[in-house]
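This report concerns only the one structure given below.
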Amino acid sequence: MAYQRAYCFSNEFNQLLVNNSNDILEKILNDFCDVYLDLDEEEILNLIEENPIFKSFSKREIGSVIPAKVDLDNIKNNDFIPYLNDILVLNENFKTDEIRANYGILAIKPDEIQYLESLDFHFGYSFQKNEINDFNSWEEVFSLKPLEPLNSAILIDNHFWSNLENFHEENLENLYPIFENLIPKTLKVPFHLSIVTSNNKSLLNKKFNEKLNKIVKNLRTKTGVNVEISLSTHTDIVKDELHERVIMTNYHYIYSDKGFNVFKDKKIILSTKGDRNWVFKDVKNYYGQIRKHQHFQNIQLVKKRITQNQAIDNEVIFNIGNTNNSLLN
């Protein structure tokens, strides 16, 4: 299994390989993707036999070339819902900008080089107590350059909601401004937020669903988007593999070294620094790993955590809400 699924029309895919017309997209497909084509198995085998460039691509260590005529027919008929966490390499008949805006999918034509280049930048930030900062709120961090396309997010922070006395106040200055500015207002599909946090003090329980419903209501009001939310807890704070404080969207990785509950009463109460970058940043010339590797690894750990919680399901370790986040598919 590769790190990412990519559905491609064969003409555009062949154009990409032959012409080397978009080196960022070609590198993403080559190094990270299972590529699904509008061909049957026999047609793919014939291409491998007849086309040396295609043959070379098919022999990659990571990723396969997979027949997917039905899926590409779905896409041709503008049925994008099954592909909310994928990459779509499309032809001139599609309005890729509208697909990105309305569905949060990375839909791209081979000649949209400038668009991919616009995603490939570094964005770092820092909040330091008792210092002059370039950024003074989460709103400034997330509104300066949007992180679109996206339709889902997973927040991992073992200290999130660790003080329920300040639950509402913390959300007002942290969770709400982050996601109010993160969620695209143009989405025509629900935005799904999954939160994974420690419950080793047993502060959270299944009745917390009432608080989640209030968060959903507030985010829907603030964004005009249908928001869904889930919570998964654990008690493995010492040995837990999910130790990073991150927000992962479909194609971005947002890191905070100390966590996301940074502000209270419009003041910084927790110094932190981090970045919010495209998962394929520097893909053209990377050595070792890029954020996509960490993104993939953490998503696998979240899937494992949710499955474990389904088996345990007690008053301390549980899942509540709809855990069917497109990031986990």
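- For the pair D111/N22, no side-chain contact is recorded, criterion being any heavy-atom separation below 4.5 Å from C-beta on.
- Under a 3.5 Å cut-off, the side chain of S56 and the backbone N or O of P52 do not form any donor-acceptor pair.
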**Message:** side-chain contact (heavy atoms from CB on, under 4.5 Å), that's the test. Do F263 and I268 meet it? Break it down for me.
**Reply:** CA-CA 5 Å; F263 294 96; I268 297 170; 3.5 Å; yes
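- For T272 and D257, the side-chain atoms include at least one donor-acceptor pair closer than 3.5 Å.
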**Message:** Could you walk me through whether I254 and L147 satisfy the side-chain contact (heavy atoms from CB on, under 4.5 Å) test, starting with their C-alpha distance in whole Å, then the side-chain angles of each, then the deciding distance to 0.1 Å, before giving a yes or no?
**Reply:** CA-CA 10 Å; I254 302 149; L147 282 82; 3.7 Å; yes
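- Judged by the 6.0 Å distance and 45° axis criteria, K222 is positioned over the aromatic ring of Y176.
- Heavy-atom minimum distance, S194 versus S230: OG-OG, 3.1 Å.
- The backbone N or O of S256 lies less than 3.5 Å from no partner atom in the side chain of R245, so there is not a single donor-acceptor pair.
- To the nearest 0.5 Å, atoms CD1 (I75) and CG (N91) are separated by 10.5 Å.
- Applying side-chain contact (heavy atoms from CB on, under 4.5 Å) to F32 and the options I290, I87, V279 leaves one that passes, I290.
- The number of heavy atoms from other shown groups lying within 6.0 Å of CD (E50) is above 12.
- You'll find the side chain of E244 stays beyond 4.5 Å of the side chain of I156, heavy atoms only.
- Counting heavy atoms from C-beta on, the side chains of L164 and F167 come closer than 4.5 Å.
- Residues L327 and N325 come closest through the heavy atom pair N-OD1, 2.9 Å.
- In Q289, the CD atom is crowded: over 12 heavy atoms of neighbouring residues, nucleotides or ligands sit closer than 6.0 Å.
- Remark: side-chain polar atoms of D157 are paired, donor with acceptor, to backbone N or O of F260 under 3.5 angstrom.
- With a 6.0 Å radius and a threshold of 12 heavy atoms from other residues, nucleotides or ligands, K185 has its NZ atom above the threshold.
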**Request:** Starting from the C-alpha separation in whole Å, work towards a yes-or-no answer on side-chain contact (heavy atoms from CB on, under 4.5 Å) for I215 and N218.
**Result:** CA-CA 5 Å; I215 293 172; N218 288 334; 5.8 Å; no
**Asked** Step by step, would you call D38 with K76 a salt bridge (Lys or Arg N to Asp or Glu O under 4.0 Å)?
**Response** CA-CA 10 Å; D38 57 338; K76 193 181 295 184; 5.6 Å; no
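- Within a 6.0 Å sphere centred on NZ of K267, other residues, nucleotides and ligands contribute 12 heavy atoms or fewer.
- Between the Y255 side chain and the I247 main chain, no donor and acceptor come within less than 3.5 Å of each other.
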**Message:** Determine whether N14 and N51 satisfy the following criterion, side chain to side chain donor-acceptor pair (under 3.5 Å), listing intermediate values before the conclusion.
**Reply:** CA-CA 10 Å; N14 190 57; N51 187 325; 3.3 Å; yes
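- Under the 4.5 Å side-chain heavy-atom criterion for grouping Ile, Leu, Val, Met, Phe, Trp and Tyr, L204 is not connected to I317 through any hydrophobic cluster.
- Taking a cutoff of 4.0 Å between a charged side-chain nitrogen and a carboxylate oxygen, K109 and E92 qualify as a salt bridge.
- Of the charged side-chain nitrogens involved, at least one lies within less than 4.0 Å of a carboxylate oxygen, so that K206 and D313 count as a salt-bridged pair.
- L45 and I66 fall into different hydrophobic clusters, where Ile, Leu, Val, Met, Phe, Trp and Tyr are joined by side-chain heavy atoms under 4.5 Å apart, directly or via other members.
- When only modelled atom types and interatomic distance are considered, D120 and W278 share no side-chain donor-acceptor pair under 3.5 Å.
- In this structure, F9 has its ring center under 6.0 Å from that of F94.
- Annotation for D134: atom CG does not count as buried by contact number, only 12 or fewer foreign heavy atoms lying within 6.0 Å.
- Ring centroids of Y36 and Y83 are separated by 6.0 Å or more, keeping the two rings apart.
- Formation of a donor-acceptor pair under 3.5 Å by the N77 side chain with backbone atoms of D79 is not found in this model.
- Contact of the E140 side chain with the L144 side chain is not registered, since no non-hydrogen atoms from C-beta on lie closer than 4.5 Å.
- A salt bridge links D275 to R291: one of the charged nitrogens lies within less than 4.0 Å of a carboxylate oxygen.
- A cation-pi arrangement, defined by a distance under 6.0 Å to the six-membered ring centre and an angle within 45 degrees of its axis, is present between R60 and F57.
- Looking only at atom types and distance, the side chain of N151 has a donor-acceptor partner in the side chain of S326 under 3.5 Å away.
- Cluster annotation: F318 is not connected to I312 through the hydrophobic network of ILVMFWY side chains, with a link wherever side-chain heavy atoms come within less than 4.5 Å.
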**Message:** Determine whether T186 and N102 satisfy the following criterion, side chain to side chain donor-acceptor pair (under 3.5 Å), listing intermediate values before the conclusion.
**Reply:** CA-CA 5 Å; T186 55; N102 296 338; 4.8 Å; no
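- Ring pair F208/W161 is tilted by interplanar angle, where 30° to 60° counts as tilted.
- Hydrophobic clustering, with ILVMFWY side chains joined whenever heavy atoms are under 4.5 angstrom apart, groups L39 together with I53.
- Under a 3.5 Å cut-off, the side chain of H295 and the backbone N or O of T249 do form a donor-acceptor pair.
- Rounded to the nearest 0.5 Å, atoms CD1 (I108) and CG (D97) are 10.5 Å apart.
- Of the possible polar contacts, one joining the D34 side chain to the S64 backbone as a donor-acceptor pair under 3.5 Å is found.
- For an aromatic pair to be called close, the ring centres must be under 6.0 Å apart, and Y125 with F135 fails this.
- Considering only heavy atoms from C-beta on, T223 stays 4.5 Å or farther from F191 through its side chain.
- A donor-acceptor contact shorter than 3.5 Å is absent between the side chain of Q300 and the backbone of Q297.
- In plain terms, the two heavy atoms of L90 and E12 that are nearest each other are O-CG, 3.4 Å.
- Under the 4.5 Å side-chain criterion, counting only non-hydrogen atoms from C-beta, R276 is in contact with K145.
- Shown here is E210, whose CD atom has no more than 12 heavy atoms of other residues, nucleotides or ligands within 6.0 Å.
- No side-chain N or O of N329 forms a donor-acceptor pair with one of N85 less than 3.5 Å apart.
- Inspection of the N277 and H122 side chains reveals an N or O donor paired with an N or O acceptor under 3.5 Å.
- With 3.5 Å as the limit, one finds no donor-acceptor pair spanning the side chains of N199 and T235.
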**Request:** Check the pair V262 / W138 against side-chain contact (heavy atoms from CB on, under 4.5 Å), numbers first and verdict last.
**Result:** CA-CA 9 Å; V262 171; W138 284 119; 3.6 Å; yes
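- Taken together through direct or relayed side-chain contacts under 4.5 Å among Ile, Leu, Val, Met, Phe, Trp and Tyr, L88 and I81 form part of one hydrophobic cluster.
- Taking CG of L106 as the start and CD1 of I28 as the end, the distance is 7.0 Å to the nearest 0.5 Å.
- Remark: E228 CD to T323 OG1 distance equals 11.0 Å, nearest 0.5 Å.
- Residue N314 places its CG atom among more than 12 non-hydrogen atoms of other residues, nucleotides or ligands, all under 6.0 Å distant.
- Under the 3.5 Å distance criterion, the side-chain polar atoms of R100 are matched with a main-chain donor or acceptor of A107.
- Remark: the backbone N or O of K266 is paired with a side-chain donor or acceptor of E173 at under 3.5 angstrom.
- For E41, the CD atom sits in a loose shell: 12 or fewer heavy atoms of surrounding residues, nucleotides or ligands are nearer than 6.0 Å.
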